[in-house]
Amino acid sequence: MRPNIRTEADRSPEFASWITSLPGAEKIRECMHCGLCSASCPLFAYMDHSPRQLMHLGREGFRDDVLGSFTIWLCTSCYQCTVECPRQIPVTEIMYALKRRAIEEKVYTKHLPIPVLAREFRRMVTDRGRISESWLVMKLLLKTGVHRMFGMVELGWDLVRTGRFSLRKETIRERGDLARMLEAVGSDGEAVS
Amino acid sequence: MKKLAYYPGCSLIGTGRAYDESLRAVFEALGEPLEELDDWNCCGATSYMSIDKGKAYALASRNLALAEREEADLLTPCNACYLVLEKTRRHLADSAEMGHRVRRALDAVGLSYEGDVRIRHPLEVLTQDVGEERIKEAVKEPLKGLKVAPYYGCQIVRPYATFDDQYHPQTMDRLLKATGAKVVPYPFKTRCCGASQTGTLPEVGLHLVYRLLNEAKARGADVLAVTCPLCQFNLDAGSTTSNRSRSSTSHRSSGWRSESRPRSSASIAPW
Amino acid sequence: MTESEGKPKVAFYWCASCGGCEEAVVDLAEGILDVVGAVDIVMWPVAMDFKRADVEAMPDGSILASFINGAIRTTEQEEMASLLRRKSQLVIAFGACSQLGGIPGLANLFDREGIYQAAYLESPSTENPGGTLPRLRSRENGYELSLPGFYETVRSLGQVIDVDYAIPGCAPHPTVIQSAVATLLSGELPPKGTVLAPDQALCEECPRRESKPLDLSISEFKRPHEVLIDEETCLLAQGLVCLGPATRAGCGAACVCGNMPCSGCSGPTSRVLDHGGKAISGIASLIGADDEETIDAVLEGIPDPVGTFYRYGLPASLLRRKTLS
Amino acid sequence: MLRENGFGSGPTRDGSTDGSTINGDAPLTNGDPPIRIGVYVCHCGTNIARTVDVERVTEKAGELPGVAVARDYKYMCSDPGQELIKEDIEELGLNRIVVASCSPNLHEGTFRGATAAAGLNPFFFQMVNIREHASWVHEDRDLATEKAVDLVRAAVRRVHHHKALESRRVSIRPEALVVGGGIAGITAALTLAEAGKHVYLVEREASIGGHMAQFDKTFPTLDCAACILTPKMTQVKAHPNITLMTMTEVVKVDGFVGSYEVTVKHRPRYIDVSLCIGCQQCIDACVYKRGKFEDEFDVGLSKRKPIYLPNAQAVPQVVLIDPEQCIQFSSGKCKQTCVEACDRDAIFLDQEEQVETLDVGAIIMATGFQTFDPRRSPHYGYGIYPNVYTALEVERLVNASGPTGGEVVLRDGEKPTSVGIVHCVGSRNQKNNPWCSKVCCMYSLKLAHLIKEKTDAEVYNFYIDMRTPGKGFEEFYQRIAAEGAHLIRGKVASVYQHADGDGEMLVDVEDTLAGMVRRIPVDMLVLAVGLEPRADAEDVRRTFNITCSGDGWFMERHPKLAPVDTFTDGVYLAGCCQGPKDIPETVAQAGAAAGQTLALIDRGYIELEPNTAQVIAEDCSGCKTCIPLCPYQAILQSSRTSSRTRRSTRRSRGCWHMLEQAENAQQTSPEGFEPRIVALFCNWCTYMAADLAGTSRMRYAPNVRVVRVMCSGRIDTQFVMHAFARGADGVLIGGCHPGDCHYQEGNYKALRRFRLLRRVIESLGIEKERLRLEWISASEADRLRRVADEMAADIRALGPLQLSIPAEDFPSAEDAGAELPSPGIAEETAAKEAAVP
C-alpha cells in the first residue's frame, strides 16, 4: 500500500498539462468538487478513487496515482457523469484518454481482463473487420485465467442451446482496404512524446 | 423517408441473433424490409476507443462512407454501435483535424464522406417515421396483459439526446403500448447494465444486472424490454447467473454508505 | 497676369476622352465668339494646326490658361499635360474625364493585359489574324515606328499634374462653361482647387424636388428601361437610382428634365470625399428592409454597383481601381 | 471653412488621396489662432505602463503636427494630473487637449472638467483609450505600444477639427415611474414620495409585495417578513404622492431623460378598485362552492375560486376575477351571484383593457426575478415525486398564513421525519445558470432551522460551497450547524423512490469531505432553486431601451461606480432585476436608485451632449434624404424657405464626425506582415464590449484600432473607403444587435449600407474578409475577442491590401513604357511579321 502522503516530487507537471490539454478537459480546472460524477456513477462502489478525485489527481499531475487507478478500467462509458457535470467536464472521454495512455505506457495490472479485452478486440477487428463474439470471449478467458471458464460452463451451454454461440469467424470482404485505412489515418500523437 | 442501410453490428450476428431476426421480421411485416449495408465493419465499440482514437474513428467512419455511397442513412439497433457512429459523425463535423485525418484515410481506399449520413435507431424510426398507428394496425397478436419494464440502456440517450428525452425517454414506452403491452413505471430506464464488465469483472457487472432485474420485479414487470444486444445479453444471462451468484457477491462497497433508520432499513439498498 | 501680345493666350487639349468636351465648346454657339474674340488660342488640335514644337518653343508660363479635357491613359497624354502645365499660369480640368477620370476610368476595373485582349484580340469586330498587339517600337519598311506607352491605370488630370480649377460635367453644360469662363476672365480668381460650378447638390435645381416624399423608403430598384417613368415625380421615389442628392448642381438637372435619372457626371460637391461612397450611404439607407436577405433582394435591382455609383469617377475615387493581383 | 478644397474626391498632383484640406494639418478656419495641442499619456500606475511603452508613445506624440507639448504622467486622473493640464493650457496657450489613458466611459467627464476649469471649451478635449483597448488586452509590448501610438495619432488628427460646443440644458419633469411593486419598487417609491415627488408605481400582478410577501421569516434575524413588509405596502397605498397601478404593464416608452412618455396598459380586474372594500362577500357567493384553481400566491399548494383576493395582506385589498376561469366569461351563462352579493356594486364584468400615457422625468426598474424551474433538472424528480418541493413552496408551508397554517407536512398530511435540502438547484451549472444565486445558502439554512423547529425531522443540507458573507450570516450558519442539521458537502446526483416504499426517497450524493457516496432516505426533498432573470426580461429591456448582460440580468452602467444607473439616461435599476440580491441589499439599491432620481429631478435640468447634427442652410440643396432617416423626426422642413431643412434641437441626438480617426492606419510594418484593422464601434454596445474585454483582461489580436462612433448608423461608407485608401488592411464595424439600437434603427441603416458597400468593394477586388459587420452587444466581450482574432487571422492569410497608388505605379513615363507588351507576345508578333514576305 502506498503511504497516504505525496510530495511535490510525486507530481508530474507534464501529466497535468497533458490531461488538461485533452479536448474539453481544460474544464477540469473549473471543477468545484460537487461530487455529481461520483454519486451518479454506477460503478463507483468498486472504485479506488472516485471520478471526482481522479479528475483532481490528474489536474494536479499525480500521474502514477491516476494511471495506476482501478477506476479508469471500471468505466463502462455510460456517460452519466458527462451528462450531469455542472462544469461540463467530459469525464467519460477523459477516461478513454487515460485508458489509452495507460495501455501505451503499459501501466496496469497484468491480468486485468479489461485491457486484455481491448487488445484482443483490436487485434480481431484489425485482422478481420468484425468481431466474432464467441472467439473473443474464449481468447479473453484463455489470457486471463482458464479457471474463470468453469464458472461459465452453464451459461455457455445455454448460449449454444439457443443458437447464440457461433463458431463462425466473421469477416469483411475488403480486408485490405480496412488495413490500408488504419495505416493511412496515422497515429494519434495525443500522448506526449 | 431517406433510404436506410441496416447496420446490424457484430453482436447481432453473434449473441444478439434473436434481436436481428425479430427486427428483420418486424420491418418485413411493416412493408419496409431491411437492406443490409454492404460489407460493413465493426464500429470499434468502446474497446477500440480505449486504444487508439484516430483508428477508432477511421474504423467507424468507413461505415458512414459506405452508407453515403449508397445514399442511405444508417439504421443500427445496437446502442453501442449507435453511439460510436453518432459520435464519429459529430466529431468529423466538429474537429477539423480529425476530419482531415479520417478523410485522408478514406481517400486512400477510394472512399469519401461528406457528412450526409444520419445515424438512426429502430426506436426512432418505428415511432417517428413508421408511427404508432401503423404499428397498431400491423399487430396480429397484441401483447395484452403482459407487463413490461422498458429498459433503454445508456448510450442511446447519453451523452447526446438525439431522438428522445435524456432523463425520461418515451419512445419505447410508446412502442410497447402500441403492441398492447402494459408498461410499468421503471425508474432505471437508462441506468447502466454493466456493459462488458459482466465478462471482464463478472462480480461487478452482475451486481448492476441484479439491481436492474430486482427493480423490474419490484415494479411488477413480467419481462424487461431492451434495445441493445449487450444489455440483452447481460440481463438475460444475468437473470440466472446473478441470482445464483447473489450469495457470493460479496462486493459490498468500500465507498457506499447507507443511512440506516429502523423504519426504512428493509427498503434500502438491495446489497 | 502677364499678357505678351495684348490678348491672353489660351490652349485647349484633348487626352483620353470621347470628344464630347470639344463639342461642348463648339456648342457655346455664338457665345464662343466672345471667348474667341477675347483670347489668343495657341493650341487646339481639334480645330487649329499648332504643333507640339510650337508650344515647346514658348516661354514657361506664357499661356494664361490651358483647358485640358480627357483622362490620362498614355505616356503621351502625360507628357502633353506636363508640357502645358509648364507653359501655363492656369490649368483647368475640363469635363468629367479630366476632373474625375470619367467613363474611360471604368477601364480601371481591368488590367492592361485584359484590355489588350478585349480590344485587339477578342472583341467580335476585331480582325487581327496575326494577333498583333501594340508595341512601343516596331519596324515598318525600314522605318522605326513608336507608340505611346499604355498605362495599367487611368488617372484624372489632377493625379498627374497640378490643376488649378475644374469645370465639371460630361460634357460640361454650356451655362457652366460660360459662367466658369466669365469667372476666370473677371480677374477675381477663386481659391485654387475650386470646381467652377454651384457647390450644392442637384436637387437644388431639380424641378421634381417638391415631389420627393418625406418618408421615402425604397423596396425595389428599377432601371430606366424597365419602367414607364412618370414625368413629374421624384425619380428616387419611383425606385430609380438617381444620384442627384450626391451630385453637384449646375447642369439645370438636364437629365431629369429629359426624364432620366442623374448618373452623376458632375461629380460631388466640395464636402464629399468620395462621390460613390456618399451616394451609396444615402441611397442604401433608404432601403425599406431590415434583414440581410430582403436587403440583398432589393440590391439585386442594382446589378452593376460600381458602374452605377462610379460611372464618371472611379480613378478619382478613394479606392481608384480594381486591385491588381 | 474652405468650401472648395480640391476636386471633390481629392485627386492631386502627387497622386495621393491626401488632396483635400480635410486631411491636412493646416488650421481649418481662416483667422483662427494656430492649433496648439497638449498630449498627456497616463501610466495608470503600472496598468498601462506595464504593457505600453508610455515614454515612446509620448515621444511619438510630440512629433505630430500641431502638438505643442506631450507629457507622460503616473496618474492623469489624479488632482496633480489634472493640474498639469490646467497649467499647460494657461502657460503654453494650448487650445486642444488629448489624454491617452482609460476608457472615456470612466474619465471623459473628469478631463473635460479639467479642460473647462482652465477656461478652454471642454469639447476641445479628446480621450484615447489605451488601457481597456490596449494595455489590458495585449501582451506583446511592441505591438501594444504601436497600437497606442496609432490611437494617439488618430486623436491628435481629430482634435484639429474640434469646434467649441455649448451644452444645452433640458428641464426634467418632477414625476417618476417605478416599475415593479416588490420590496425594491416599494422602497424606491416611498423614498421618492417622502421627498415630495409624485410617483407612478406600476405592478403587473394584482397586489404589490412581490416575492417578499410570500416569505415567512427572513434570514439571518428570523424576523417575520410580513411584519416588516405589510406596513410599507399599506403606506404605499395611502401615500398622497403615489399613484398605485396594479394589473398594469408598460407597453411603450417614448422620449428621453427628463421627459419620458410612458404608455401603460391596465388589464381589467372586473372590480372597481375605488369601490371594493375587500369584504370578500362576493367570494363566498361565487357559484364555485370551494376553490378549484391553483392559487398563484401559494405556488399551487392551495386552491382558490375564479373570484379571489390575491392574498390576505394584498394591497390594494381588492378582489379580482380571472376571466380564464370564470364561467361567465367562458359560457356567458353564470348566475352572477357575486354581482348580486356585492352591496357596493363594485363588480363590472364588462370592464375592458385601458391604455394611458404617463409623463415622467425618470424611471426606476424594479422588475425582480423568477425562480429556476426545477423541471429543467429532471434528476431531482420535481413534478414526478410528490414530496419534492421548491424552496418557495416550502416558504408557503412554513408560513403561518400559508396553505397549511404553518405546518410543515407532506402531501398526505404526515409530518416528514427526514428532509433533504439541495442547494444550488439551477445555479452554478453551465447547463442552466452559471452564476451563484447568492441567497440560496442562507435561505436553505433558514429553512433547515424552521423545518427542524416545526417537525423535529433529520435535516440534511446538501451544499457545494457554503456561502455566508454578510452581517450575521456566518454566525447564523454556525447556529444551524450547532442545532444539528447535517451539512453534507456534495451535490445530489439522483433521487429514487422505491416501488414498494412508503413515499420515502433515496438520495445519492457524494459526501466529498468523507470521500464516499452516501445513500440517504428522505421523505421530503426541498430544492433550493436559484434566481434568474424574468422570462420576459428581454422584451422589457427593449421597451425601456436598456441593456442586459450576457446572463440576461439588466446591465448597470458600471459594475462598481454606477451600479444603479443604466446606459440610458434617467433609467435606474433597483433590486434583483439587476442580479441576485438579498432583501437588505435590494432595499439599499432601491434607496440608491431613488437618490439618483432625486438628484436628477432636483437639479431640474440636465446638460445634453451638444454634439448633435446641424443643417448648414447655405449648403443644403433640400434633397430631403436625411428626413426619413432620422428616427426622432428631428429634422423639419422649414416652412419659410421650403427648400431648406432645419433641425429640432430638442430632439436630435449626438452624431460625431469621425472621419479623421478612420484613417489612422496608414503605416504597414516593414517585416512580418501584421494587418491593420480599423474598427468602427458603436458607443453603446461594441465599444462597451471592448471595454469589458479590457476589464476582463481578455487577450485578443492587437491589430484592431478602435474608433468610437455613437452608432453604427453614423458610419458613412466613405469612412470605410477612406480607411482602406489610407492603408487599412481591414475594417470591422461593430453595432448593436437588430432591435437593440440606442437610436432605434441606426444599425439597420448600417446593415443596408454594408450590404451595398460589400458588393462594391468585392467588384473592386477587395476580399470580403476585409470588411466585416458584426453585432456585438456590450456584454459580448468574448465574441468581440473571437471576431478580432478571426479577422486578424483571415487578413494575415490574405496579406496586405494592395491598392494601387498611381504615384508608385508610375515612377516615370519611360519605365511605364518599358513594361509594355509582354516580351513573349512581342517577339511572337515580330517573328510573324518577319515571316511575311
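The basis for the numbers below is simple: all heavy atoms, side chains too, and nothing from hydrogens, waters or symmetry mates. Note that the structure is predicted; figures quoted are calculated from it, not measured. Chain identifiers are assigned alphabetically (A, B, ...) following the order of the sequence lines, protein sequences preceding nucleic acid strands; residue numbering begins at 1 within each chain.
- Under 3.5 Å, the side chains of C:S281 and D:K749 contain no donor-acceptor pair of N or O atoms.
- Proximity to chain C at a heavy-atom threshold of 4.5 Å picks out D:L764, D:G765, D:I766 from residues 764-774 of chain D, in numerical order.
- Formation of a donor-acceptor pair under 3.5 Å by the D:Q718 side chain with backbone atoms of C:G277 is not found in this model.
- For chain D, the nearby parts of C:I287 are the backbone and the side chain; heavy atoms of each come within less than 4.5 Å.
- With contacts defined as side-chain heavy-atom distances shorter than 4.5 Å, the pair C:R271/D:D619 qualifies.
- To the nearest 0.5 Å, atom CZ of residue C:R209 and atom SG of residue D:C623 are 9.5 Å apart.
- Residues D:K624 and C:L216 are not in side-chain contact: their nearest non-hydrogen atoms beyond the backbone lie 4.5 Å or more apart.
- With a 4.5 angstrom heavy-atom cutoff, C:D291 touches chain D only via backbone atoms.
- Atoms CG and CZ, on C:L299 and D:R758 in that order, are 12.5 Å from each other to the nearest 0.5 Å.
- There is no contact between C:L236 and chain D, counting heavy-atom distances below 4.5 Å.
- Contact of the C:L319 side chain with the D:F724 side chain is registered, since non-hydrogen atoms from C-beta on lie closer than 4.5 Å.
- In the displayed structure, C:E293 atom CD is contacted under 6.0 Å by at most 12 heavy atoms of other residues, nucleotides or ligands.
- Both the backbone and the side chain of C:D290 come within contact range of chain D, each with at least one heavy atom under 4.5 Å from a heavy atom of that chain.
- Every residue two or more places apart in sequence or in another chain that forms a salt bridge (Lys or Arg N to Asp or Glu O under 4.0 Å) with D:R755 is listed here: C:E292, C:D296.
- Between D:T625 and C:G282, the shortest heavy-atom distance links the atoms CG2-O, 3.9 Å.
- With a 4.5 angstrom heavy-atom cutoff, C:A249 does not touch chain D via any of its atoms.
- For D:R753, the salt bridge (Lys or Arg N to Asp or Glu O under 4.0 Å) test picks out no residue, with sequence neighbours left out.
- Note that OG of D:S621 is 12.5 Å distant from CZ of C:R248, once rounded to the nearest 0.5 Å.
- Ranked by heavy-atom pairs shorter than 4.5 Å toward chain D, the options C:I280, C:D215, C:L314 are led by C:I280.
- Looking at D:E762 and C:K322, no side-chain N of the basic residue comes within less than 4.0 Å of a carboxylate O on the acidic one, giving no salt bridge.
- No side-chain heavy atom of D:F754 sits under 4.5 Å from any side-chain heavy atom of C:I295.
- At a 4.5 Å heavy-atom cutoff, the contact between D:L629 and chain C is made by side-chain atoms alone.
- C:K278 pairs by the salt bridge (Lys or Arg N to Asp or Glu O under 4.0 Å) definition with D:D716, not counting sequence neighbours.
- With chain D as the partner, the residue from C:R85, C:E205, C:E300 showing the most heavy-atom pairs under 4.5 Å is C:E300.
- Atom CD of D:Q802 and atom CG of C:L324 lie 9.5 Å apart (nearest 0.5 Å).
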Would D:V760 and C:Y310 count as a side-chain contact (heavy atoms from CB on, under 4.5 Å) if you check the C-alpha gap in whole Å, the side-chain angles of each, and the deciding distance to 0.1 Å?
-> CA-CA 10 Å; D:V760 169; C:Y310 291 95; 4.0 Å; yes

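- To the nearest 0.5 Å, atom CZ of residue D:R752 and atom OG1 of residue C:T294 are 10.5 Å apart.
- In this structure, OG1 in D:T717 is found 7.0 Å from CG in C:D274, a value given to the nearest 0.5 Å.
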